[in-house]
2 protein chains.
Amino acid sequence: MQPDREKDRGTAAAQARDGLREAILRGEYLPGERLVEAQLIERFAASRFNVRAALQDLAGEGLVQMERNRGAHVRKVSLEEAVEITEVRMVVEGLIAARAAERVGDEQAAELDEIGRLMRAAVAEGEYRAYSDLNQRLHALIRAISAHGTADRIVETLRGQLVRHQFMLSLLPGRPQTSLPQHERIIAAIRDRDPKAAENAMRDHIASVIEALRSIDYLGGPA
Amino acid sequence: MQPDREKDRGTAAAQARDGLREAILRGEYLPGERLVEAQLIERFAASRFNVRAALQDLAGEGLVQMERNRGAHVRKVSLEEAVEITEVRMVVEGLIAARAAERVGDEQAAELDEIGRLMRAAVAEGEYRAYSDLNQRLHALIRAISAHGTADRIVETLRGQLVRHQFMLSLLPGRPQTSLPQHERIIAAIRDRDPKAAENAMRDHIASVIEALRSIDYLGGPA
DNA sequence: GGCTACAAAATTGTCAACAATCCCGGCGGG
DNA sequence: CCCGCCGGGATTGTTGACAATTTTGTAGCC
């Protein structure tokens with residue numbers, strides 16, 4: 001769906017685009033914040049031409065919203081949109097998990113188990129930051145195993161739009177305890193090369209993420 | 001995922017983009033064909049600035065591929081990619097169908113049934129072109145009922161990348177006879193407000209499209 | 001004939017200046 | 001005091017020219 005990211009790595013245009021994306025994903029620009037071309041030119045040492053190209057690219061990824069004559073803003077995704085996005089992620093990652101179960105090799109299965117071990121340890125010792133990293137690593141590994149370029153690009157794009165919400169999610173107390181067994185189920189299903197079980201496990205897991213997302217609404221309320 | 005299409009309808013930039021997209025989707029530019037900026041400027045009476053913006057947008061939609069210093073081409077999707085794209089469509093349209101079953105209203109249910117009737121008539125009388133139009137109308141109506149903006153945008157984008165393959169598909173003999181009962185099952189499940197059944201019916205339907213897609217490989221072979 | 005080297009043409013990449021638009025003050029009238 | 005009505009500054013939109021790159025055509029050599 002999105003253009004290949006490898007197309008021109010290293011050029012000024014690509015550097016501006018990747019740098020701006022990283023900055024937004026890091027939260028250095030908050031949702032709704034205005035992205036003034038002149039400032040971006042300074043920050044990324046790029047020409048206006050390249051800055052504009054970067055903005056247009058990121059608008060295509062849904063990270064930036066552009067309004068004619070009114071400039072570019074970091075896109076603000078409402079809770080409702082976040083739920084929609086995660087629903088799509090649920091089914092697409094389900095597809096990915098099923099395919100991973102069909103294609104997983106022995107050494108990859110071992111790596112999955114290793115991540116599972118580390119996850120249990122992290123939760124047992126309350127190292128939630130490490131657990132969060134492992135979570136990303138697990139999902140990334142499953143996507144790599146599935147080797148489904150199309151699904152992978154879509155999930156990656158969707159994930160980008162949710163960074164802010166994902167961040168709030170990780171702060172929810174009790175989340176690791178809830179998601180750990182779900183992750184274990186996913187790992188087991190893929191290791192056992194059971195596509196249907198892997199898809200179900202992944203969908204159940206992300207469905208629970210959606211529930212957690214919705215619960216934030218009551219906690220944080222509208223900003 | 002993709003930026004809102006309504007953002008600036010009517011401007012020169014939007015006209016160039018939409019015009020070029022239509023032209024590609026109509027098959028006026030064949031996959032792999034080079035898109036020379038100067039030609040597009042003439043054809044769409046747009047400035048180079050707008051033509052380039054249009055190309056970049058369509059690259060974001062996956063319709064166009066751009067290579068540095070080598071210009072833009074209509075993206076060529078291999079059969080393997082077409083299968084991947086359709087697999088993603090399968091799960092996302094499954095989600096849409098499930099949600100449509102949750103939200104369908106009485107008059108919408110009637111419209112679904114009406115489309116079903118027209119489909120049966122079209123197949124009975126061998127009017128395959130009419131059947132193909134009804135097929136699009138059915139999928140579009142289901143997407144409208146589901147009111148899932150995120151999923152809708154993704155499916156629309158994916159569909160665009162497949163026009164060429166979809167076209168070949170409709171020429172496959174026996175397709176309408178295969179897909180008619182599948183469509184009827186989808187309609188019935190949504191009308192009965194059974195989300196799970198609707199999702200399964202939709203997935204089975206598109207799974208059969210994937211099979212048909214694969215069969216083209218043996219018929220048409222690599223170009 | 002086939003191959004390489006080189007020049008010319010075509011095409012795309014980039015820039016800097018200019019035009020159009022919007023936003024935010026103040027100003028005057030009611 | 002509130003409201004509409006101008007500026008002026010800031011910001012984005014667009015253009016045309018020029019630079020860099022690729023592609024094409026040609027001549028010379030083996």
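These figures come from a predicted structure and were not determined experimentally.
- Within the structure, side chain to side chain donor-acceptor pair (under 3.5 Å) contacts touching residues 32-41 of chain A (residues at least two apart or in different chains) are A/E37-A/R48, A/E37-A/R52.
- Comparing C/dT14, D/dT22, C/dC22 by their nearest atom to the side chain of B/N69 picks out D/dT22.
- A/R52 places its CZ atom 14 Å from the P atom of C/dC15, with the value rounded to the nearest Å.
- Between the base of C/dG13 and the side chain of B/R70 there is no donor-acceptor pair shorter than 3.5 Å.
- When each of B/Q39 and A/R34 is assigned the nucleotide of DNA chain C bearing its nearest heavy atom, the one mapping closer to the 5' terminus is B/Q39.
- Looking at A/Q136 and A/R159, their side chains do bring a donor and an acceptor atom within 3.5 Å of each other.
- Rounded to an integer number of Å, the gap from CE of B/M66 to P of D/dT22 is 15 Å.
- Look at CD on A/E37: it is 12 Å from P on D/dT14, rounded to the nearest Å.
- Summarising the geometry, the separation between CZ on A/R48 and P on C/dC18 is reported as 14 Å, rounded to the nearest angstrom.
- Side-chain contact of A/T150 with B/R89: a donor-acceptor pair under 3.5 Å is absent, judged by distance alone.
- With rounding to whole Å, B/H73 atom NE2 is found 12 Å from C/dT11 atom P.
- Summarising the local packing, CD of A/E80 is surrounded by 12 or fewer heavy atoms from other residues, nucleotides or ligands at distances under 6.0 Å.
- If B/F49 and A/L35 are placed on DNA chain D by their nearest nucleotide, the residue sitting closer to the 5' end is A/L35.
- Going from atom CG of B/L40 over to atom P of C/dA10 covers 18 Å, rounded to whole Å.
- The side chain of B/S47 places an N or O atom within less than 4.0 Å of a non-bridging phosphate oxygen (OP1 or OP2) of D/dT15.
- For C/dT14, one of the phosphate oxygens OP1 or OP2 lies less than 4.0 angstrom from a side-chain nitrogen or oxygen of B/R68.
- Between B/N50 atom CG and D/dG13 atom P the separation is 11 Å, expressed in whole Å.
- Classified by interplanar angle (parallel below 30°, tilted 30° to 60°, perpendicular above 60°), the ring pair B/Y131/B/H183 is tilted.
- Straight-line distance from the CD1 atom of A/I41 to the P atom of C/dA16: 10 Å, rounded to whole Å.
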